[in-house]
Every structure is written in structure tokens, then in C-alpha cells.
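Written out below as C-alpha cells is the structure these notes cover.
Reminder, nothing fancy here: chain letters follow the sequence lines and each chain counts from 1.
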2 protein chains.
Amino acid sequence: MKRQIPDATVARLPVYLRCLSQRAGEAVCSSTDLARTAGVNAAQVRKDLSFLEAQGVRGVGYDINELRLRIRRALGLTHDFPVVIVGAGNLGRALANYRGFTEWGFSIAAIVDTDARKVGSHISGTEVESMDLLEDVVGRRGIEIGIIAVPAGAAQRVGDRLAAAGIRSILNFAPTVITVPNVEVRRVDLSTELQILAYHLTGRADAKTT
Amino acid sequence: MKRQIPDATVARLPVYLRCLSQRAGEAVCSSTDLARTAGVNAAQVRKDLSFLEAQGVRGVGYDINELRLRIRRALGLTHDFPVVIVGAGNLGRALANYRGFTEWGFSIAAIVDTDARKVGSHISGTEVESMDLLEDVVGRRGIEIGIIAVPAGAAQRVGDRLAAAGIRSILNFAPTVITVPNVEVRRVDLSTELQILAYHLTGRADAKTT
DNA sequence: TAGATTGTTAATCGATTAACAATC
DNA sequence: TAGATTGTTAATCGATTAACAATC
């Protein structure tokens, strides 16, 4: 069962969830409405929601609370996911301070760093622990998701250690491509995004001169 | 001319660029090689590179320096892009400190914040200026790219102001969906990424119990 | 020449979307 | 009933990839 939600849909579900949270007062939302705020096609929304066996009401729309619940369930956000943040630099701190974590069912179970001066300090209520404890902490606290927020040079090594420790999903913020077999790695990279924007800037400049 | 590079290819070019930079010593790289490090199919690599009129040598591979140049040119990374960072909190600081900026031809032309206590301080050599100066600074320094690193509640307003100031591309790090007509907006969102990982974790858990 | 690898075709696959009957 | 909106089909579009002739 399950599993047949297309990747493209899975990538959009969190966006829908976010848009729906932003409509507190309202009780019902049409596919057209949701499509507009999410920036996609209305047919797309309906198609996506059909994978969740979402029950819209013809002539009315979707019950917002019901829909949010279904999306969460489809994404597997039914229990808490403990997360380890590796690296307590600027980025690691920014991530740890992001309070959206708990809002969506993720919790910072550990922050580790190699820098002895950082160990023992607290970020957003979590104590920074020694990188030496990584495997220990991951195992003991049942952590399944690792966030890499270390310099590029250290990222691959961290990825390897996370994998060896039993982590199954990695979010890599280090500006480098890492390879970790049997682990789902997602990369978030500022310069990649900037470069894509640059392409479109250039494209539109061309269009103007044409 | 140009413009006919598919979106999917454009999104991969920065990855290739990154992978190629990581192979300093070497002079030549085959599509199979590059595909492995980039985590894609070798035919995909060749197809992508064919849009750049890249000249590989049969039986040998691609000249790394030549290829990097072509990718940069295709992406429009031929001149410097001044960037404004809006928000000098944890995230804004992390972004400003990221030295990959200049490496890829982007420069931090301004950092602005509403907090008077932050104005005047320096981040990575750039002075934080008052948010009131946003439009002024964007116009005067010819800034085309804006990075939003403010709390969710302020993001839409910042987006509107950036657009009004003439910005044509926005990278939105605020955990909210914003709508800005006629502006290319890309969203980078930690919780979206985590939620996608969560889906796959759940999926694999199912697979194991089956 | 033999081995390797490109460039490109063509088949396949997956994702998007217009359209409309069903129905609240 | 009339108006609105869903759920789904089917057409279209775009992206991926195997395969292989070309050729270094």
C-alpha cells in the first residue's frame, strides 16, 4: 500500500501544507485558491490531492483541517523525528534557532561540533556536544535524520560517519556534492540556487533586447 | 539564440560545475565519471552538455577547464552579480559569511535590517544598513538579486519592496510562500526538505516490514 | 587497429494540464 | 434549480535513458 505518490507530488505537499497553515480563519479552500497561493495549476492541485484520497466536496472545496491531516499522514509526519545537526557554526546555529522545526514534528535531538570551545555551549536550548559522540548519540537517541552544516571539506567524512551510525536521511547544507550509498541525501545549496537565478536573469535580459 | 536549455538541465549545470571544481589535478573527465560524482545518468550528462555545444573528444572525454567555462557561459556567470541580503539575523549572517558567494561571481553589495542595533555593525566585511535604504541601495548599486532572510511574517512585504525597487530575482529563505508578480522567486525551505525526507523514511520503513 | 567514449536518436517514462461529466 | 467545484480522463508536453553509429 501507499508508496505510489509521485515524487513531484511529494515535493509539492509540504508547500500545500504551508499554504494551508497560513489560512487560519478559513474552514474550506478550493483547488483554485490553493493553486494560486502555492503557485501551481489548479488541476495539478486536484490531481495531487487525489493521491491522498482527499475528500473534497464538489461545489464547495476541501476542508482545511481535514486536508492538513491527510497531507501530514501521507508524508509520514505522524510521529516526531529526532534530528542531529552536525556543525555549530553560523549555519548550524541558524538552523537550530529555526523554530519551524518543532512546528512540523521535527526535534533537535543533538548538535555536535569538533570545536572544543563550542562544546558545552547552548543553542536554542540544546547543548552542543563533541563530534566524538556522534555515533553514540545517534544510536542512543534513535536519530534517523542528519543535517550537515560543516565546511565543504568535512562534509563527505561527516556523511560517511552518519551513514555508519545508522542515519538513513541526510540534508546536506555544505556546498559540496557528497556520495553516501543507501542513504537519501538532499542537498541545499545557496550557490546552486543563485546560479539558476543568474541563468534566468540573463535569459530575460536577452528577451528584452530582442 | 540561446534560451533553449531545458529547466531540468539548467538545474543540473551548477552541480556539474561544482563537481568539476572538485577535480583540480585532472585535465579530462568522461561523462561516466561526471555522472557518478553528480549522481545522475551518464546519458543525461552527455545530453545536458550537448545543449552547451560542449565539445567532448570521442574516446577521451571532456576538457575540464573548457567545460567549466562553457557551463559558466551558459548560465550567464560571465559577469559579477551584486546581491542584497535582507535580514541580518542568524540566517542572514550565515549567508553573508558564506565565502562561496564570490567564488561563483556573486558579491554582497548590501545587507539591510530593520533593527537599529544591528545597523552599522559589520558582517564579513559588509556594513549592515538600515532597511529604509533598501530601494535606494538597490537602485544605486544596480542590484538584481535579493535574498530574503527575515522572519516569515515580514517576507511578503520585503518581496513587494524588492520588486518595487526593481529586483528581478529573489531567493526566499523565509519559511513562507510569497507571491511577487514578474519576479523569479526561488524558495529554500528547511522544513520542506525535512518533510520530503520524512516521506522517504516512512516509505522505506514500510518496505522493510513488507 | 582496438578500446574508449562521445553525440544523437528513438523509445519510454513521468508530469502537466485542459476539459468536462459528476455532484454538492 | 443554478452555480460552483471536484475527480478523472485523455491529450500533451517534457525529461530520462538505452542503445549504437561515429570517431578519437
- Nearest to side-chain heavy atoms of B:Ala43, which nucleotide of D:dT8, C:dT16, D:dT17: D:dT17
- Note on the structure: When rounded to whole Å, the CG to P distance for the pair B:Leu34 and C:dT6 reads 10 Å
- When the distance from CG of B:Asp48 to P of D:dT17 is rounded to whole Å, what number comes out? 11 Å
- Query: Checking all strands, does B:Ser31 fall into the base, sugar-phosphate, or nothing category for heavy-atom contacts under 4.0 angstrom?
  - Reply: sugar-phosphate
- Nearest-angstrom distance from the residue atom CD of B:Glu53 to P of C:dG7: 11 Å
- Let me know the distance between CG of B:Leu49 and C1' of D:dA15, rounded to the nearest Å. 16 Å
- Query: If you check the B:Arg58 side chain, which of D:dT6, C:dT16, D:dA21 turns out closest?
  - Reply: D:dA21
- Query: Roughly how far apart are B:Asp63 CG and B:Arg68 CZ, rounded to 0.5 Å?
  - Reply: 11.0 Å
- Message: Measuring to OP1 and OP2 of D:dG7, would you say a side-chain N or O of A:Tyr62 lies under 4.0 angstrom away?
- Response: yes
- Rounded to whole angstroms, how far apart are CG on B:Asp63 and P on D:dC24? 16 Å
- Note: A:Glu184-A:Arg168 ion pair, threshold 4.0 Å (strictly below): no
- Item | Nearest to side-chain heavy atoms of A:Asn41, which nucleotide of C:dC24, C:dT17, C:dA10 | C:dT17
- Roughly, in whole Å, what's the span from CZ in A:Phe51 to P in C:dG14? 12 Å
- Query: What is the distance from CG of B:Asp7 to C1' of C:dA15, rounded to the nearest Å?
  - Reply: 13 Å
- Message: What contact category does B:Gln55 fall into here, base, sugar-phosphate, or nothing, at under 4.0 angstrom with non-hydrogen atoms?
- Response: sugar-phosphate
- Query: Which comes earlier along DNA chain C counting from the 5' end, the contact point of A:Lys47 or that of B:Thr32, where each point is its nearest nucleotide?
  - Reply: B:Thr32
- In the strands shown, is C:dT23 matched to any nucleotide by a Watson-Crick or G-U wobble pair with both distances under 3.5 Å, and which? D:dA4
- Message: Rounded to the nearest 0.5 Å, what separates atom CD1 in A:Ile196 from atom OH in A:Tyr199?
- Response: 11.5 Å
- Message: Given D:dT16, D:dG7, D:dC24, identify the nucleotide with an atom nearest to the side chain of A:Arg46.
- Response: D:dG7
- Task: Check the distance between D:dT6's C1' and A:Ile64's CD1 and give it to me in whole angstrom.
- Result: 16 Å
- For D:dT12, what is the paired nucleotide under Watson-Crick or G-U wobble rules, both distances under 3.5 Å? C:dA15
- Message: Testing the basics here: between B:Leu162 and B:Gly146, what is the closest heavy-atom pair and its distance to 0.1 Å?
- Response: CD1-CA, 4.3 Å
- With respect to the side chain of A:Gln44, which nucleotide from D:dA15, C:dT17, C:dT6 is positioned closest? C:dT17
- Message: Tell me whether A:Arg70 is salt-bridged to A:Glu66, with the criterion being a basic N under 4.0 Å from an acidic carboxylate O.
- Response: yes
